[in-house]
There are 2 protein chains.
Amino acid sequence: MGPKYSSSRENYLKAIFHLQEIHGTVTTNHVAGELQTRPASVTDMLKKLKAQKLLLYEKYKGFKLNTEGRKVALQIIRKHRLWEFFLVEKLHFRWDEVHEIAEELEHISSKKLIDRLDEFLGFPKTDPHGDPIPDSQGRWTLTHQVDLLNLPVNLVAEVSGIGDQSAEILELLNHKHIALGTRLEVKKKFAFDNSLEIKIRNQSVTISEHVAKNVFVKYDE
Amino acid sequence: MGPKYSSSRENYLKAIFHLQEIHGTVTTNHVAGELQTRPASVTDMLKKLKAQKLLLYEKYKGFKLNTEGRKVALQIIRKHRLWEFFLVEKLHFRWDEVHEIAEELEHISSKKLIDRLDEFLGFPKTDPHGDPIPDSQGRWTLTHQVDLLNLPVNLVAEVSGIGDQSAEILELLNHKHIALGTRLEVKKKFAFDNSLEIKIRNQSVTISEHVAKNVFVKYDE
DNA sequence: TTAATTTTTTAGATTTGTCTAAAATTTATT
DNA sequence: AATAAATTTTAGACAAATCTAAAAAATTAA
């Protein structure tokens, strides 16, 4: 049993899904930009996806994934993010190295493989960039993800991603014992320089605006 | 940077490599049989592989991999076997389930990924079927692999694979504490029923001919 | 509301890997 | 050695995914 859809089709579904999430509507040019391809190629593929009943599409009138298309897209995203988690957590890749490799791994078709991988990794809820990982039914826990500057005070949150991936910021965060998964709380915001006082494991730490902008946290609601 | 060679080309290289190992010479029909394709398709691909300088080929005169082709083939085999090891050892797949999945995983291109995986797995020397895993230079430890019936007496060997993958034999082996990696030695062969007396961790165990035929071991030389 | 611009689609070509049917070549048989 | 049989290759076709250039439709601006 080979894959149900070609890698190319899967990439289109994923791109359309992401663009839908961000912009609400999706355009041919958007998709072409996202996938580094030509608008004409996108149109070609839209027809195929429509024929496969994954997409609602009338020419010149825009398009969006239908239920089935969303379902397929979510499974690809699930695979992508689980593999990214694996690469960082088990193979010790840096967060900024894993995307490209996961782009290939996400097209491995075995459902059993991905469910076993999920189990092996301990059913992680978010990938190394802090994005949620859909479960095998395509559901994900709705968590708010914001940067530290926008985290309401006195609300416990968990570090879920870092924007800037430079060695410099990682060194700083490492020194202050801030890592993926660290639980923290903003106690005070200083209007003067937008610096923050945060609590980590009952210790008080000060963070500059520059750093705060690059630390993403999630909290349930 | 995408993959250097298409999955299809990689499959041809791997098939030719295996057939070369088994039969010495390789024929168009052989390859077609192995890859479930048509002889005409094989000829088409042979020309492409020749053009890419991976194959020595004169039409109607047979063909074989050149140094570069062998090198590429060995890297694919390395990937295939490391992934199989991963699937069995970490994700607890059965040995007979992993081949198909590894057929897909072996085409993931990142060299860094596979070297990290190798490290993560502890640099295994053989895959779950007992076949040797080439190292990142394409070398493998030359080990003799035989079934237990053909293992010379008084020679320490390591269980490297099981022929029959039925639950029944696995139960029996489990009960006798014979697993992948178990070190053992044949102490006596009974001509009457071809049963064997073997030593495992200083314990003496008797094995029937039927079982012995299905336990593969390797020993260095 | 026309005209200009942008976006999207079509038409037709290209590449990769495959196929079938027929031709060329090699191997086996009488 | 001549013929039959098997193998291998060629010729030409096809599907998938892409492209360019041109046409069609929608949007924006005058």
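Every chain is numbered from 1 and lettered A, B, ... according to where its sequence line falls, protein lines coming before strand lines.
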Taking dT7(D), dT8(C), dT9(D) as options, the one with an atom nearest any side-chain atom of Pro39(A) is dT8(C)

Give me the ring orientation class for Phe86(A) and Phe120(A): parallel if the planes are under 30° apart, tilted from 30 to 60°, perpendicular past 60°. tilted

note: Tyr60(B), atom OH; dA23(C), atom P; distance rounded to Å ~ 13 Å

Between OH of Tyr5(B) and P of dT16(C) the distance, given in whole Å, is 15 Å

Scoring nucleotides 17-22 of chain C by protein non-hydrogen atoms under 4.0 Å (B base, S sugar-phosphate only, - none) yields BBBB--

Thr28(B) near the nucleic acid: base, sugar-phosphate alone, or nothing, with a heavy-atom cut-off under 4.0 Å?
sugar-phosphate

Looking only at dT9(C), dT10(D), dT9(D), the nucleotide nearest the Tyr57(B) side chain is dT9(D)

When rounded to whole Å, the CZ to C1' distance for the pair Phe63(A) and dA25(D) reads 16 Å

Whole-Å distance, Glu10(A) CD to dA17(D) P, equals 11 Å

Can you classify the ring geometry of His144(B) versus Tyr219(B) as parallel (below 30°), tilted (30 to 60°) or perpendicular (above 60°)? parallel

task: Mark yes when over 12 heavy atoms from residues, nucleotides or ligands other than Lys213(B) sit less than 6.0 Å from its NZ; otherwise mark no.
output: no

To the nearest angstrom, the CG-P distance between Asn29(A) and dT27(D) comes to 13 Å

Do other residues, nucleotides or ligands put more than 12 heavy atoms under 6.0 Å from the NZ atom of Lys111(B)?
yes

Rounded to whole Å, the NZ-C1' distance (Lys59(A) to dA24(D)) equals 9 Å

In whole angstroms, the gap separating P of dT18(D) from NZ of Lys47(A) amounts to 14 Å

Exercise. Answer yes if the side chains of Asp193(A) and Ser195(A) hold a donor-acceptor pair under 3.5 Å, and no otherwise.
Key: yes

In short, Val159(B) meets Ile178(B) closest at the heavy-atom pair CG2-CG2, 3.9 Å

Between CD of Glu58(B) and P of dA24(C) the distance, given in whole Å, is 20 Å

### Task
Decide side-chain contact (heavy atoms from CB on, under 4.5 Å) for Val98(A) and Phe85(A); before the verdict, give the C-alpha distance in whole Å, the side-chain angles of both, and the deciding distance to 0.1 Å.
CA-CA 9 Å; Val98(A) 296; Phe85(A) 190 96; over 6 Å; no

